[in-house]
2 protein chains.
Amino acid sequence: MLSQVAEGENQVHFRMHQFLARENEKPDAMLYVQEGWACRYRLLSDGRRQITALYLPGDYCDPQWALGGVSSQPVVAITNVRALRLPCRIPSHAGFDGRHGFWQALSGTIERQANWLVTLGRKTALERVAHLLLELFERMRQAGLAYGQQCAMPLTQMEIADMTGLTPVHVNRTLQSMRARGLVELQSKWLRIPELPALREVAALTGHDMAG
Amino acid sequence: MLSQVAEGENQVHFRMHQFLARENEKPDAMLYVQEGWACRYRLLSDGRRQITALYLPGDYCDPQWALGGVSSQPVVAITNVRALRLPCRIPSHAGFDGRHGFWQALSGTIERQANWLVTLGRKTALERVAHLLLELFERMRQAGLAYGQQCAMPLTQMEIADMTGLTPVHVNRTLQSMRARGLVELQSKWLRIPELPALREVAALTGHDMAG
DNA sequence: CGTCCCCTTGACCTGCTTCAAATTCCGTGG
DNA sequence: CCACGGAATTTGAAGCAGGTCAAGGGGACG
């Protein structure tokens, strides 16, 4: 679907911690992430930070930009990122069927956001971290980047904390407990999930929370 | 903009606590809320509930339905509701400018959802309740339903709790404290905000969190 | 005038935070 | 190859914001 574009000419690279978009900026193009991870976040005046979206390979950054507004939240690279610049218009050729490409992506983004409202509002630390790790694994798997029961997981515990609304210290203790219970293996930026169903159980998902 | 429709024929009514949409249902039409409040929510297996969206007069319920998926969360009437049924298609005639009508609504919904991620993930009880009351007032004002510094506020403390991720008991104590500090007046389903700037300060907003 | 919500208050409890300090990891340069 | 420095992870101890449990009060409505 993207092969129509001359990839070489529109490919862009970002280094870790570099901005893909800044606050209040009207982005001139969407980015189709080919490699690497990025995140959108908001910073409160006293330093509290909440990550509001993750961009993984195969994701559009950000579908919402095509709806015409400015980007009200900065987007920063978590790892080095390789991406394609796409015109920031709604790809009308894709039709409105909602099952493919851009519309699928937009719809998925909204759905995931709604699921995180539930997790941040009502779930315990254990359930939050389980939700995050499950979502990451499922998204990586759908992108063809999972190998058996494992996938790359470049997030630091600090970043996990900013995603789950916890402190880094408590994320650490929660991960310890999950390792002790055999729910996950997580070391040197790789995640392995021995038993998906067990982790799903712990995450208190509802059946709508993600594909798989 | 909606006058093209024969209003009488497409008008529908819902009573308090009646469902506007059920889980897993593919809605046959969007609803343009003319009067009354509704909310979307998710229920966990042990009874925990999180409200993920509020629908006020002038809102579409729900823009996301036009993107083609099923409604993965139920929508229920908080008060009696009067609404117009609209075809569940993307109103292409509206153009993609993102400043009017449907696209504006979709974009606003996503933006509000992202703001609530920050609030649920990182803010204190006081900041959460302040955010909610401010958002309600601003949205009612934009709908032309605020009178001076006040507007209707039909939510029970239980519903405020399910929106802010708190317990009803703690919502009560938080409201007491806000009343004592003169931040809000809230009684018999009416909300009055003596000083908007003071409440904004307390809500720890960032300048992107809402119009006004 | 009784019943059902909703709101209110009190006492106690706990999951998570805070603060502080070690320890391990890892990229870089000698 | 090893020494070094900064970041990330880990551990401990103490505190607190908000949760839990339980009981009482008030207003709308039949």
Side-chain angles (χ1 to χ4, degrees), chain A residues 15-17 37 44 46-51 76-80 119-133 152-181 184-191 202 204, chain B residues 15-17 37 44 46-50 76-80 119-133 152-180 184-191 202 204:
Chain A
R15 313 209 135 169
M16 200 191 304
H17 299 153
W37 292 25
L44 301 187
D46 60 0
R48 282 174 289 177
R49 186 172 87 134
Q50 178 66 42
I51 294 177
V76 74
I78 288 172
T79 66
N80 291 341
T119 290
L120 292 177
R122 288 301 187 196
K123 294 192 188 172
T124 66
L126 181 63
E127 291 165 335
R128 291 179 195 209
V129 175
H131 177 177
L132 177 60
L133 296 182
M153 217 304 281
L155 299 183
T156 65
Q157 292 183 3
M158 175 85 190
E159 287 160 340
I160 295 177
D162 285 341
M163 183 87 202
T164 54
L166 302 166
T167 57
V169 171
H170 200 64
V171 165
N172 184 291
R173 294 195 232 267
T174 304
L175 285 174
Q176 307 273 345
S177 144
M178 293 176 79
R179 281 191 269 246
R181 298 217 248 150
V184 300
E185 292 164 33
L186 185 53
Q187 51 192 306
S188 58
K189 308 298 179 191
W190 275 84
L191 165 67
V202 164
Chain B
R15 310 209 139 169
M16 202 193 304
H17 299 154
W37 293 26
L44 301 186
D46 59 0
R48 282 176 287 178
R49 186 173 89 134
Q50 177 66 43
V76 73
I78 289 172
T79 66
N80 291 342
T119 289
L120 293 177
R122 289 301 187 197
K123 293 193 189 170
T124 65
L126 182 64
E127 291 166 336
R128 292 177 193 210
V129 175
H131 177 178
L132 176 60
L133 296 182
M153 218 302 282
L155 298 183
T156 65
Q157 292 184 3
M158 174 85 188
E159 287 159 339
I160 296 176
D162 285 342
M163 184 87 203
T164 54
L166 302 167
T167 56
V169 171
H170 200 65
V171 165
N172 185 291
R173 294 196 231 266
T174 303
L175 285 174
Q176 306 275 346
S177 144
M178 293 175 78
R179 282 191 269 245
V184 300
E185 292 164 33
L186 185 53
Q187 52 191 307
S188 57
K189 306 300 179 190
W190 275 84
L191 165 68
V202 164

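Order of the sequence lines sets the chain letters (A, B, ...), proteins ahead of strands, with each chain counted from 1.
- Here C:dA11 presents its C1' atom at 16 Å from NE2 of B:H170, a figure rounded to the nearest Å.
- One finds a side-chain N or O of A:Q176 lying less than 4.0 angstrom from the OP1 or OP2 phosphate oxygen of D:dT11.
- Looking only at side-chain heavy atoms (C-beta outward), B:I160 and B:T174 stay at 4.5 Å or farther from each other.
- Checked against C:dC6, C:dA11, D:dG12, the side chain of B:T156 finds its nearest nucleotide in C:dC6.
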Can you list the steps and then say if B:R128 with B:L166 is a side-chain contact (heavy atoms from CB on, under 4.5 Å)? CA-CA 9 Å; B:R128 292 177 193 210; B:L166 302 167; 4.3 Å; yes
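- As judged by a 4.0 angstrom heavy-atom cut-off over every strand, B:R179 is placed among residues touching the sugar-phosphate backbone only.
- Between B:Q50 and B:L120, the closest side-chain pair of non-hydrogen atoms falls below 4.5 Å.
- Between C:dC16, C:dC26, D:dT11, one nucleotide has an atom nearer to the side chain of A:S188 than all others, and that is C:dC26.
- Between D:dT20, C:dC16, C:dT8, one nucleotide has an atom nearer to the side chain of B:N172 than all others, and that is C:dT8.
- Taking side-chain N and O atoms only, A:R128 has no distance below 4.0 Å to OP1 or OP2 of C:dG15.
- Of the two residues contacting DNA chain D, namely B:V171 and A:K189, the nearest-nucleotide position lying further toward the 5' end is that of A:K189.
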Yes or no on side-chain contact (heavy atoms from CB on, under 4.5 Å) for A:L132 and A:L155, after CA distance, side-chain angles and deciding distance? CA-CA 11 Å; A:L132 177 60; A:L155 299 183; 4.3 Å; yes
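- Out of D:dT11, D:dG18, D:dG19, the shortest distance to the side chain of B:T167 is found at D:dG19.
- A sub-4.0 Å separation between OP1 or OP2 of C:dC5 and a side-chain N or O of B:Q157 is absent.
- DNA chain D is contacted by both A:R122 and A:M158; A:M158 maps to the nucleotide lying nearer its 5′ end (nearest heavy atom per residue).
- Comparing C:dA20, C:dC26, D:dG18 by their nearest atom to the side chain of B:A125 picks out D:dG18.
- Judged by atom type and distance alone, A:R173 reaches the base of C:dT18 through a side-chain donor-acceptor pair under 3.5 Å.
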